[in-house]
Amino acid sequence: MGFVLSDELLGAFAPILVYWIYSGFYVTLSSLERYRLHSKVEEEEKNLVSKSNVVKGVLLQQFIQAIVAILLFTVTGSDADSSKTQQFSLLVLASQCVTAMLVLDTWQYFMHRYMHHNKFLYKHIHSQHHRLVVPYAYGALYNHPIEGLLLDTVGGALSFLISGMSPRTSIFFFSFATIKTVDDHCGLCLPGNLFHILFKNNSAYHDVHHQLYGNKFNFSQPFFVMWDRILGTYMPYSLEKRKDGGFEARPTKQD
């Protein structure tokens, strides 16, 4: 008799596994200086937290995330229950995923922006994420536990509930969202990267936000830049080659 994981367990733990696998892919590429947004020297000198503490912080957030996901699936029911009453089509699945993306982006934009403008929240909570002045892939979810709960876990729960997706659909949606978030923090601009081709919100865009000059701009994450554009917090940039190799995201507007 084989061991079969339920969709609910996969929905809770697959994004975590995907996070470390995809981050590991970028770790193997981190020595490619000609594609880096910051040099390895800058990464070591500017970042204010050790890599071991980053790993511990991410694991804590993922532990909380998994517990909330299991509780959410328990409360909302399983795919076996929903399949009795719903007929799914590709159009329905696509609309659910787009809705979830918009809900997640909206929630994270306004919460993220508020954490920057509220001095208490920034000092005691959100500044932890900005200890990574030079972001790298497996630091994508390095946050204060309260921020991780409010931005990522609650935002994910809302997008799941409002979109009406099933646990099975959530496996793929949140695994994709995880890959996108890791990519946005990878610190590399690789040729042919589909995320850079399809999304304006990418590693260079988010790198601007992690620098001092962009701290009050480019709050959008993880998919689109619509709220930054609508509300005037969008900072355009140009991607320039550095003399010592690699790229630099240079702002073309400063307020």
Trainee: Side chain to side chain donor-acceptor pair (under 3.5 Å) for Thr169 and Ser166? Distances and angles first, verdict last.
Mentor: CA-CA 5 Å; Thr169 302; Ser166 67; 3.1 Å; yes
Trainee: Measuring from atom CE of Met111 to atom CG of Leu150, what distance do you get when rounded to the nearest 0.5 angstrom?
Mentor: 4.5 Å
Trainee: Between the main-chain N or O of Pro167 and the side-chain N or O of Ser170, is there a donor-acceptor pair closer than 3.5 Å?
Mentor: yes
Trainee: Looking at side-chain heavy atoms only, is the closest gap between Met226 and Thr106 below 4.5 Å?
Mentor: yes
Trainee: Do Lys200's NZ or CZ and the ring of Phe224 fall within the cation-pi criteria of under 6.0 Å and 45°?
Mentor: no
Trainee: Quick one: closest heavy-atom pair of Tyr109 and Ser220, and the distance?
Mentor: CD1-OG, 3.7 Å
Trainee: Measure the spacing between CD of Gln128 and CD1 of Ile146 and express it to the nearest 0.5 Å.
Mentor: 10.0 Å
Trainee: Restricting to pairs with a member in residues 30-72, which pass ring-ring contact (aromatic ring centres under 6.0 Å, His included), not counting sequence neighbours?
Mentor: none
Trainee: Is it possible for you to say whether Tyr142 and Phe25 belong to one hydrophobic cluster, with membership spreading through side-chain heavy-atom contacts below 4.5 Å?
Mentor: yes
Trainee: Could you tell me the separation between the CZ atom of Phe172 and the CE atom of Met165, rounded to the nearest 0.5 Å?
Mentor: 11.5 Å
Trainee: Does one hydrophobic cluster hold both Leu198 and Leu104, with members joined at side-chain heavy-atom distances below 4.5 Å?
Mentor: yes
Trainee: Could you verify whether a donor N or O on one side chain and an acceptor N or O on the other, from Gln61 and Asp152, lie under 3.5 Å apart?
Mentor: yes
Trainee: Looking at residues at least two apart in the chain, or sitting in another chain, which of them share a ring pair (Phe, Tyr, Trp, His ring centres under 6.0 Å) with His112?
Mentor: His116, His126, His209, Phe219
Trainee: How many angstroms lie between SG in Cys186 and CG in Leu29, if you round to the nearest 0.5 Å?
Mentor: 9.0 Å
Trainee: Centroid-to-centroid, Phe73 to Phe160, below 6.0 Å?
Mentor: yes
Trainee: Clusters formed by hydrophobic residues whose side-chain heavy atoms approach within less than 4.5 Å: which one holds Leu17, and what are its other members?
Mentor: Ile21
Trainee: Okay, side chain of Ser203, backbone of Leu188: is any donor-acceptor separation there less than 3.5 Å?
Mentor: yes
Trainee: Verify the neighbour count for atom NZ of Lys216: are there more than 12 heavy atoms of other residues, nucleotides or ligands below 6.0 Å?
Mentor: yes
Trainee: Any ion pair linking Arg168 and Glu8 (charged N to carboxylate O, less than 4.0 Å)?
Mentor: no
Trainee: Decide whether Tyr136 and Leu141 are clustered together by the hydrophobic rule: side chain heavy atoms of Ile, Leu, Val, Met, Phe, Trp, Tyr closer than 4.5 Å, transitively.
Mentor: yes
Trainee: Spell out, as yes or no, whether a donor-acceptor pair under 3.5 Å connects the side chain of Thr233 to the backbone of Asn218.
Mentor: no
Trainee: Closest heavy-atom contact between His144 and Ile125?
Mentor: CB-O, 3.5 Å
Trainee: Between Phe223 and Phe199, what is the ring plane arrangement, given parallel below 30°, perpendicular above 60°, and tilted in between?
Mentor: tilted
Trainee: Taking the side chain as every heavy atom from C-beta outward, state whether Val103 and Thr99 have any atom pair closer than 4.5 Å.
Mentor: yes
Trainee: Tell me, do His130 and Asn215 make a side-chain contact under 4.5 Å, heavy atoms counted?
Mentor: yes
Trainee: Looking at His185 versus His206, is the centre-to-centre ring distance below 6.0 Å?
Mentor: yes
Trainee: Does the Asn143 side chain pair with the main chain of His129, one donor and one acceptor, at a distance under 3.5 Å?
Mentor: no
Trainee: Answer yes or no: does atom OH of Tyr122 have more than 12 heavy-atom neighbours from other residues, nucleotides or ligands under 6.0 Å?
Mentor: yes
Trainee: Using modelled atom types only, decide if a donor and an acceptor are shared between the side chain of Tyr19 and the backbone of Ala140 within a distance under 3.5 Å.
Mentor: yes
Trainee: Which pair of non-hydrogen atoms, one from Pro145 and one from Leu60, has the smallest distance, and what is that distance?
Mentor: CG-CD2, 3.6 Å
Trainee: Grab the two heavy atoms, one from Leu239 and one from Ala204, that are nearest each other, plus how far apart they are.
Mentor: CD1-CB, 4.1 Å
Trainee: Nearest 0.5 Å please: distance from the CZ atom of Phe195 over to the OG1 atom of Thr181.
Mentor: 9.0 Å
Trainee: In chain order, what residues pass the side-chain contact (heavy atoms from CB on, under 4.5 Å) check against Val133, with sequence neighbours excluded?
Mentor: Lys46, Asn47, Gln211
Trainee: CG of Leu48: more than 12 outside heavy atoms within 6.0 angstrom?
Mentor: yes
Trainee: Quick one: closest heavy-atom pair of Arg36 and Ser30, and the distance?
Mentor: NH1-O, 2.8 Å
Trainee: Looking only at non-hydrogen atoms, find the nearest pair between Tyr22 and Asp183 and report the distance.
Mentor: OH-OD1, 2.6 Å
Trainee: Any link between Val134 and Val54 through a network of hydrophobic side chains (Ile, Leu, Val, Met, Phe, Trp, Tyr) touching at under 4.5 Å?
Mentor: no
Trainee: Are Glu43 and Lys51 ion-paired here, with the side-chain N under 4.0 Å from a carboxylate O?
Mentor: yes
Trainee: So Tyr205 and Phe217, do their side chains get closer than 4.5 Å, heavy atoms only?
Mentor: no
Trainee: Could you please spell out the steps behind the side chain to side chain donor-acceptor pair (under 3.5 Å) verdict for Gln221 and Asn201?
Mentor: CA-CA 7 Å; Gln221 55 185 34; Asn201 195 334; over 6 Å; no
Trainee: Less than 6.0 Å separating the ring centroids of Trp227 and Phe110?
Mentor: yes
Trainee: Determine whether a donor-acceptor pair (N or O, by modelled atom type, separation under 3.5 Å) exists between the side chain of His210 and the backbone of Leu132.
Mentor: yes
Trainee: Go through Asn53 and Ser50 one step at a time and tell me if the side chain to side chain donor-acceptor pair (under 3.5 Å) criterion holds.
Mentor: CA-CA 5 Å; Asn53 282 337; Ser50 69; 3.3 Å; yes
Trainee: Just grab all the salt bridge (Lys or Arg N to Asp or Glu O under 4.0 Å) pairs involving residues 231-248, residues at least two apart or on different chains.
Mentor: Arg242-Asp244, Glu248-Arg250
Trainee: Can you tell me how far apart CD1 (Ile67) and CG (Leu72) are? Round to the nearest 0.5 Å.
Mentor: 13.5 Å
Trainee: Would you check if Phe174 and Ser159 make a side-chain contact, meaning some heavy-atom pair closer than 4.5 Å?
Mentor: yes
Trainee: Would you confirm whether Gln96, through its side chain, and Gly164, through its main-chain N or O, come within 3.5 Å as a donor-acceptor pair?
Mentor: yes
Trainee: Name all residues meeting the side-chain contact (heavy atoms from CB on, under 4.5 Å) criterion together with Trp20; count only those two or more places apart in sequence or in a different chain, and write none if there are none.
Mentor: Ile16, Val55, Val58, Leu59, Gln62, Tyr138
Trainee: Any side-chain heavy-atom pair from Phe13 and Ile70 closer than 4.5 angstrom?
Mentor: yes
Trainee: State yes or no: do Phe176 and Leu102 share one hydrophobic cluster built from I, L, V, M, F, W and Y residues joined by side-chain heavy-atom distances below 4.5 Å, directly or via other members?
Mentor: yes
